[in-house]
**Student:** 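My questions will all concern the structure given below.
Lettering follows sequence order; numbering is per chain, from 1.
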Protein chains: 2
Amino acid sequence: MLEYIILGFLMECSMSGYDIKQSMSHSTANFFDASFGSIYPALKRLEEKGLIISKEAVESGKYKKYYEILEQGKKEFFSWLEVPVDFSSLKQEYLVKQFFYIHLPEEKVKAHLEHFIESVKDHLNKLIELEKLIKEHADVYKYSTLRYGMDFMSFAAGWYENLLKEISNKNGG
Amino acid sequence: MLEYIILGFLMECSMSGYDIKQSMSHSTANFFDASFGSIYPALKRLEEKGLIISKEAVESGKYKKYYEILEQGKKEFFSWLEVPVDFSSLKQEYLVKQFFYIHLPEEKVKAHLEHFIESVKDHLNKLIELEKLIKEHADVYKYSTLRYGMDFMSFAAGWYENLLKEISNKNGG
DNA sequence: TAGCGCATGTAATATGTTACATGATTTC
DNA sequence: GAAATCATGTAACATATTACATGCGCTA
């Protein structure tokens, strides 16, 4: 996922590895963060694949290596962004894509969000099924983690339904 | 974290690697899951460290390898469980520990939850600070991921405050 | 007898972090 | 001139997944 996030950042402007790390700290750190030890090798790989290109520069005495996204890189980025995501509490890829939705036409964003909401509801239904099975033999705390899961799914479904409404109202009626 | 979860499962009864995987699917899969490819090597490591011991058996023709937790394993488990966790949206260790809180005295659980709620509120405050910085130059979608973060933190704080109340009322007044 | 579910395990691969190494400039 | 910040990069390590290999018993 890191490589796509880097491509996403470079979609907006050319940046150095250091800049990307800074940007992450001020924007995606809440749901996705990476260390220099993964960012620099990722940039190297992306350049080897011909998705980005580097330009070395010296700015106020400091050596900096700026990366620019190439056409092939943009293509790669879109083919990733375009695919709707399912809910997953482990990898929060849905938030990562949401972060870059400005690059997707509004109709596609709406379709993505609708798909995602359905996926959250599916997840909720699975937890409801699970509850029936374990309700009796789970202790208070084990049961509480399940309740948390269900309450969180309800929260998320509601939150994204609201986001969908906001987007629709913005241009619609 | 996987090794502690395995110890946690073995705290309740002796199990095989296959059983552990099954149990996870029916309980922790919502916030933590592992594959056979990580469970079996983890069991091997735990036995090498002297934290668990295996017993081979043949049940209805099927070869099974049961693992039992040793005193040293219980010690390790408690020294992990005992440490209060901070909020992290990436690794949901808080839910993993919550799952095993039955092994902790109620007073410690309450202290843990209070610590956790504070940590969630700290996180929320950081996001509020961040909002001031980026509010103007972030697009709708980028801004929405931040709002999601804030709304989620509020939800989580409320949810855990409620859990704390429930626990207090159960035995208290 | 073919296929599926049970059951264990390894090897290749992916992905990331932490610590280290280097060296410049800015700030106190 | 010491310390912090800027800036890049590598090596060792941690942790996990996926795919594969093996073999038993049950069922159609």
**Student:** To the nearest angstrom, how far is A:K91 atom NZ from C:dT15 atom P?
**Tutor:**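 A:K91 atom NZ is separated from C:dT15 atom P by 9 Å.
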
**Student:** Using OP1 and OP2 only, check whether a side-chain N or O of B:K21 sits under 4.0 Å from C:dA7.
**Tutor:** no

**Student:** Just the rounded figure in Å: distance from C1' of D:dC24 to NZ of B:K65.
**Tutor:** 17 Å

**Student:** For A:D33, answer base if it contacts any base atom (sugar-phosphate contacts may also be present), sugar-phosphate if it contacts only those atoms, and nothing otherwise; contact means non-hydrogen atoms under 4.0 Å.
**Tutor:**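 It contacts sugar-phosphate atoms only.
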
**Student:** To the nearest Å, how far apart are A:M1 CE and D:dT17 P?
**Tutor:**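 To the nearest whole Å, that distance equals 15 Å.
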
**Student:** Out of D:dT10, D:dA16, D:dT8, which has the shortest distance to the side chain of A:K64?
**Tutor:** D:dT8

**Student:** Taking the minimum atom-to-atom distance to the side chain of A:Y67, which one of D:dG9, C:dG9, C:dG16 wins?
**Tutor:**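 Selected nucleotide: D:dG9.
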
**Student:** In terms of the angle between their ring planes, are A:Y148 and B:F155 parallel, tilted or perpendicular, with boundaries placed at 30° and 60°?
**Tutor:**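 Ring orientation of A:Y148 relative to B:F155: tilted.
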
**Student:** How many Å lie between OH on B:Y40 and P on C:dA11, as a whole number?
**Tutor:**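 After rounding, the gap between these two atoms is 16 Å.
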
**Student:** Below 30° counts as parallel, above 60° as perpendicular, anything between as tilted: where do the rings of B:F9 and B:F99 land?
**Tutor:**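 Correct class here is tilted.
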
**Student:** Is the phosphate of D:dT15 approached by B:S38 (side-chain N or O, under 4.0 Å from OP1 or OP2)?
**Tutor:**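 Checking D:dT15 against B:S38, no side-chain N or O comes under 4.0 Å of OP1 or OP2.
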
**Student:** Angle class for the A:Y4/A:W80 ring planes (parallel below 30°, perpendicular above 60°, tilted otherwise)?
**Tutor:** parallel

**Student:** Regarding A:Y63, tell me which of base, sugar-phosphate or nothing describes its non-hydrogen contacts under 4.0 Å with the strands shown.
**Tutor:**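 It contacts sugar-phosphate atoms only.
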
**Student:** Mapping A:G37 and B:D19 to their closest nucleotides on DNA chain C, which lands nearer the 5' end?
**Tutor:** B:D19

**Student:** B:Y18 OH to D:dG25 P: how many Å, rounded?
**Tutor:**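 Nearest whole value for this atom pair: 16 Å.
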
**Student:** For B:L90 and C:dT17, give me the distance from atom CG to atom P, rounded to whole Å.
**Tutor:**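 My rounded result for the distance is 9 Å.
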
**Student:** Say whether B:Y101 and B:E106, considering side chains only, have a donor N or O and an acceptor N or O under 3.5 Å apart.
**Tutor:**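 No, because no side-chain N or O of B:Y101 sits under 3.5 Å from a partner of the opposite role on B:E106.
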
**Student:** Taking the inter-plane angle between the rings of B:F36 and B:Y18 on a 0 to 90° scale, is it parallel (under 30°), tilted (30 to 60°) or perpendicular (over 60°)?
**Tutor:** parallel

**Student:** Distance check needed: C:dT18 P versus A:I39 CD1, whole Å only.
**Tutor:** 13 Å

**Student:** Quick one: B:I5 CD1 to D:dT15 P, roughly how many Å, whole number?
**Tutor:**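 Going from B:I5 (CD1) to D:dT15 (P), I get 12 Å.
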
**Student:** Could you check A:F32 against A:K62 and say which one's nearest nucleotide on DNA chain C is further toward the 5' end?
**Tutor:**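 First, find each residue's nearest nucleotide; the 5'-ward one identifies A:F32.
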
**Student:** Mapping A:L43 and B:S35 to their closest nucleotides on DNA chain D, which lands nearer the 5' end?
**Tutor:** A:L43

